[in-house]
Asks: 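Would you mind keeping the following structure in view while I ask a few things?
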Amino acid sequence: MTEPLALYVHWPFCRSKCPYCDFNSHVRDALDEPRFARALIAELAWEAARLGPRPLASIFFGGGTPSLMSPDTVHALIEAATRHFPPLDGLEITLEANPTSVEAARLAGYREAGVNRLSLGVQALDEPALRFLGRQHSADDARAALEQARALFPRLSFDLIYARPGQTLAEWRAELERALAIAADHLSLYQLTIEPGTTFEAQYRAGRFTLPDEEEAAALYDLTVERAAASGLAAYEVSNFAQPGAESRHNLAYWTYGDYAGIGPGAHGRLSLGERLVATRRHRAPEPWAERVERAGHGSTEEETLSPRTRAREMLLMGLRLAGGVDLARLARRTELAFEACVDPVILRAALDEGYLVLEAERLSATAAGRRRLDALLPRLLV
Amino acid sequence: MTDTPLARIRNFSIIAHIDHGKSTLADRLIQACGALTDREMTNQVLDNMELERERGITIKAQTVRLAYRAKDGQTYALNLMDTPGHVDFAYEVSRSLAACEGSLLVVDASQGVEAQTLANVYQAIDANHEIVPVLNKIDLPAADPERVKAQIEDVIGLPADDAVMISAKTGLNIEGVLEALVTRLPPPTGDASAPLKALIVDSWYDAYLGVVILIRVKDGRIRKAQKIRMMARSSTHIVEQVGLFTPKMVAVDDLGPGEMGYLTAAIKTVADIAIGDTITDDRSPAAEPLPGFKPSVPVVWCGLYPTDADDFEKLRDSLAKLRLNDASFHYEAETSAALGFGFRCGFLGMLHLEIIQERLSREFDLDLIATAPSVVYRLHKTNGETIELHNPADMPDPSQIDRMEEPWIKATILVPDDYLGGVLTLCNARRGEQIDLTYVGNRAMAVYRLPLNEVVFDFYDRLKSISRGYASFDYQMDGYAESDLVRISILVNADPVDALSFIAHRSVAENRGRAICAKLKELIPRQLFKIAIQAAIGSRIIARETLGALSKDVTAKCYGGDITRKRKLLEKQKEGKKRMRQFGKVEIPQSAFLAALKMDA
């Protein structure tokens, strides 16, 4: 059975580096956009040559800041992708954008280029919080961009970061209610986490700020799930909330362990190639990546064929993030391992008894209580 | 060079409380006699393990032969036999003392006499030593030599008028010490023409030389290529080398009466040697051996387990290597459900235990868990059988136990008056029986009978903290007495954690069980599932704590680019779990075990 394809395109550039962000993003004074556009298109062609005409389910422009790309570049990439891969009905094309006024001015252009879903990096609706998070937009910018995007795009999501230093339950409730009031069909609500190598990590280690403790974080999370649900946005994934049917098709490909091709610096992929499932990875640094593409047609570094055990771990660790959980028949197909061979029976039993997991209708899923503790559950559960 | 007449040999040891300056004095004596050049001289020569390895100087026997030109114009051979200062090594002290005719009693001129000083000085008196009191640190403003002299006379009963006043640190009056050794200590006695009699004082393993035996020659001469006989063991060996410590090992042709030195004879392990045995000539043996020593017996036992199960073989090899050099320490393999494969090890005391553990970690790079130390109980079964028990796991069902006895000690504690109340409370809480309470100047001397098992359980640390470090403590074994003892088991989610079970007197069992449960609750990180921590005597639960489940632990963002990293992290965490001990669905980190085992009652 041919897996449909999800295509991820990484644009690695940002105007400035946010202190919490550990993504592969780079700040450049001057940027040769046409060169990187050509390289992305070339790498797409290289990937298409080995994949063949797989049906294309989604395209996702991520970054970095893909809204620093011109609409023409976006158009050229969409055109190339749909030329190589026959689009499925309802092909979802998402672009991440920052809500600064400059980028907002391009939104219409992205829509004309074919983007049908916009994900805005709002992050906070509170000025001091936006400054703390190192964002270059204001809360008013965010509201203006949201309003504009709503008029342009059939589907719209935005991101917020909560559980910020000193943020009380009441403060977050108020901010969340404002967000829900202006939300369209989808929200990504992330608890702030301190990632290695970020500015925040250094500051956090130096004791410059503290984060909510585990109990407070749990209360914030429960509140988020409850308020979002009350507004009609169900937590279909740990940090993602959508109206029924408005879930991100592209991201669901990750969580259901589908095939996805990743092009651009540092992009990852999981591709069925013959009988194998291959993990792909691109060179991280933008310029050396482009040079490799220019020289060899692709910027791929090592590619790893994943063992059944590895596949099972990856599929379960992603799938259990979803409210819908993991389809066990698909698990067996995708990993060549029976479900029973993938989990520790003692921990499975205990987690079922404790109400962390549910096993029914040939699906294993984590309950809300289980998803909230997933990082503690997985290393014990998965063999 | 070893035909020094007996009249010009002095054999002595130094008795001192820790920190009273024994090592510094030894250094000064070595320096004053020019045994080491200034370049070779580092502080505390005899205590320096690095130096031992680098230059073939040993700390195990800690002996050195000094050449001193005295005021009478003669050159004397002064053999210094250093003694460990701690109660665990009372046995080794007695060995060292038996090889000497006299002792320097070093007392800090501001601190005064301490408990360890007392214990060791009584041993020296028992060994018929001539004792020269030395007051050290007299340059300190707090020094009060007259008071300390009076103390020596009152408490020990030694005349102290002629005490030598020194400062080892500044080198003040080191000459006075050397002169006192020559003029006040008796020379050794012995007959060079009599059949050989040499006392085995100590032995250790050297990677190049094999077993090195430290000896004190009493009669006759011992020389290279001589065929010798160990009188108790009846084994014979050909001497490969005899020599002296200067403190470097220097080979000589022979050793005569009164001398201390070493011999090697292609002996593989120290277990082949009996400390206290008498060496004689195989062809013309002595009729009677010298008085020997009782063999040392372990009084404290505990389990030692590698934190990483893969290190078991390495631990076995390391223990074997340590045993090459320390026959007083015992080990046998054992298995624990909680801790896996390890060894039950016996020690002379708590310090000995700590030293061995420290050496295993430092010299052999082993990460270990030690179970709660246990004393050796005497258990009389209903079938008339008597067993010695030092592992709670081996305790039979109560129905098979007629009665149990536990070992007691006689402890001497010297403490400034201000802290006496706290110390007495501690001793009473540990089931102590007061035997004597007297005053030594402004300090109290409390003599207590205490069950040893109350002392191995963190007593020393408590004593130090109650007295802000001012109390000094020493003990000697004082027989067995019948006792109402029970085994307390610790259960995690109803599974017994064998490594945490312990034997205690019924009167303290409940408190201790409660304390351990409370401590474990603090130490075990919250987990996916809630955990019940219980203490039980038999099937009766005496304490219970519940540790709630953790409430949130989940990665906020996890997309296509994160899978590999996330999976690798998960694999690393799974690897990390190997260092945890699994109890059904619960894991206890090593650190929690360690801390619980170390905890105070």
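Numbers restart at 1 for each chain; the letters A, B, ... are given by sequence-line order, proteins then strands.
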Asks: Do other residues, nucleotides or ligands put more than 12 heavy atoms under 6.0 Å from B:D397 CG?
Replies: yes
Asks: Under 4.5 Å from any heavy atom of chain B, what part of A:L377 do you find: side chain, backbone, both or neither?
Replies: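 Both parts, backbone and side chain.
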Asks: Mind checking salt bridge (Lys or Arg N to Asp or Glu O under 4.0 Å) for A:R282 and listing every partner two or more places apart, or none if nothing turns up?
Replies: A:E43, A:E47
Asks: At a heavy-atom separation under 4.5 Å, does A:L382 approach chain B through its side chain, its backbone, both, or neither?
Replies: both
Asks: When rounded to the nearest 0.5 angstrom, what is the spacing between CD in B:E571 and OG1 in A:T310?
Replies: 5.5 Å
Asks: Within a strict 4.5 Å, meaning less than it, do heavy atoms of the A:E214 and B:R526 side chains meet?
Replies: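 When only atoms from C-beta onward are counted, B:R526 and A:E214 do touch, with a gap below 4.5 Å.
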Asks: Run the side-chain donor-acceptor check on residues 345-353 of chain A: report pairs under 3.5 Å with partners two or more places apart or on a different chain.
Replies:
{"unit_1": "A:R349", "atom_1": "NE", "unit_2": "A:D353", "atom_2": "OD1", "d": "3.3"}
{"unit_1": "A:R349", "atom_1": "NH2", "unit_2": "A:D353", "atom_2": "OD1", "d": "3.0"}

Asks: Check whether any side-chain heavy atom of A:D375 sits under 4.5 Å from a side-chain heavy atom of B:K566, and report yes or no.
Replies: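 Yes - at least one pair of side-chain heavy atoms lies under 4.5 Å apart.
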Asks: Does B:R567 reach the main-chain N or O of A:R313 with its side chain, forming a donor-acceptor pair under 3.5 Å?
Replies: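 Side chain of B:R567 to backbone of A:R313, a donor-acceptor pair under 3.5 Å: no, none is there.
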Asks: Could you tell me whether B:K572 atom NZ has more than 12 heavy atoms of other residues or ligands within 6.0 Å of it?
Replies: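 Not buried by this count: 12 neighbours or fewer within 6.0 Å.
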Asks: By a 4.5 Å heavy-atom criterion (distance strictly below it), what part of A:R373 contacts chain B: side chain, backbone, both, or neither?
Replies: both
Asks: Can you list the residues that meet the side chain to side chain donor-acceptor pair (under 3.5 Å) rule with A:R371, with sequence neighbours excluded?
Replies: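 So A:R371 forms no side chain to side chain donor-acceptor pair (under 3.5 Å) with any residue.
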Asks: For each of A:G370, A:P379, A:A217, tally heavy-atom pairs with chain B at distances under 4.5 Å, and name the one with the top tally.
Replies: A:P379
Asks: Please indicate whether B:F312 has more than 12 foreign heavy atoms, meaning atoms of other residues, nucleotides or ligands, lying under 6.0 Å from its CZ.
Replies: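 Yes, CZ of B:F312 has more than 12 neighbouring heavy atoms, counting only those of other groups under 6.0 Å.
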Asks: Could you have a look at A:E354, A:R281, A:E215 and say which one has the most heavy-atom pairs with chain B under 4.5 angstrom?
Replies: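 Result: the option with the highest number of such pairs is A:E215.
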Asks: With a 4.5 angstrom heavy-atom cut-off, is it the side chain or the backbone of A:Q191 that approaches chain B, or both, or neither?
Replies: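 Backbone plus side chain of A:Q191, per the 4.5 Å heavy-atom cut-off to chain B.
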Asks: Look at A:V238, A:T193, A:N251 and state which one has the largest set of heavy-atom pairs under 4.5 Å with chain B.
Replies: A:N251
Asks: Examine whether an atom of A:F60 lies under 4.5 Å from a heavy atom of chain B, and if so say whether it belongs to the side chain, the backbone or both; otherwise answer neither.
Replies: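 For A:F60, neither part sits under 4.5 Å from chain B.
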Asks: Between A:D344 and chain B, with a heavy-atom cut-off of 4.5 Å, which part of the residue counts as in contact: side chain, backbone, both or neither?
Replies: neither
Asks: Name the region of A:Y8, side chain, backbone, both or neither, that has any atom closer than 4.5 Å to a heavy atom of chain B.
Replies: neither
Asks: With a 4.5 Å cut-off on side-chain heavy atoms, are B:K574 and A:R380 touching?
Replies: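 Heavy-atom side-chain distance check fails, nothing below 4.5 Å.
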Asks: Of all of A:E304, A:H10, A:R270, A:E237, which one pairs up most often with chain B through heavy atoms under 4.5 Å apart?
Replies: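 So the answer, after comparing A:E304, A:H10, A:R270, A:E237, is A:R270.
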Asks: Sort A:D213 into side chain, backbone, both or neither according to what part of it lies under 4.5 angstrom from a heavy atom of chain B.
Replies: neither
Asks: Quick check on the structure: residues of residues 552-565 of chain B within a heavy-atom distance below 4.5 Å of chain A, by number.
Replies: B:K552, B:D553, B:V554, B:T555, B:A556, B:K557, B:C558, B:Y559, B:G560, B:G561, B:I563, B:T564, B:R565
Asks: Step through the shown structure and confirm whether more than 12 heavy atoms of other residues, nucleotides or ligands are within 6.0 Å of CD on A:E302.
Replies: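 No, CD of A:E302 has 12 or fewer neighbouring heavy atoms, counting only those of other groups under 6.0 Å.
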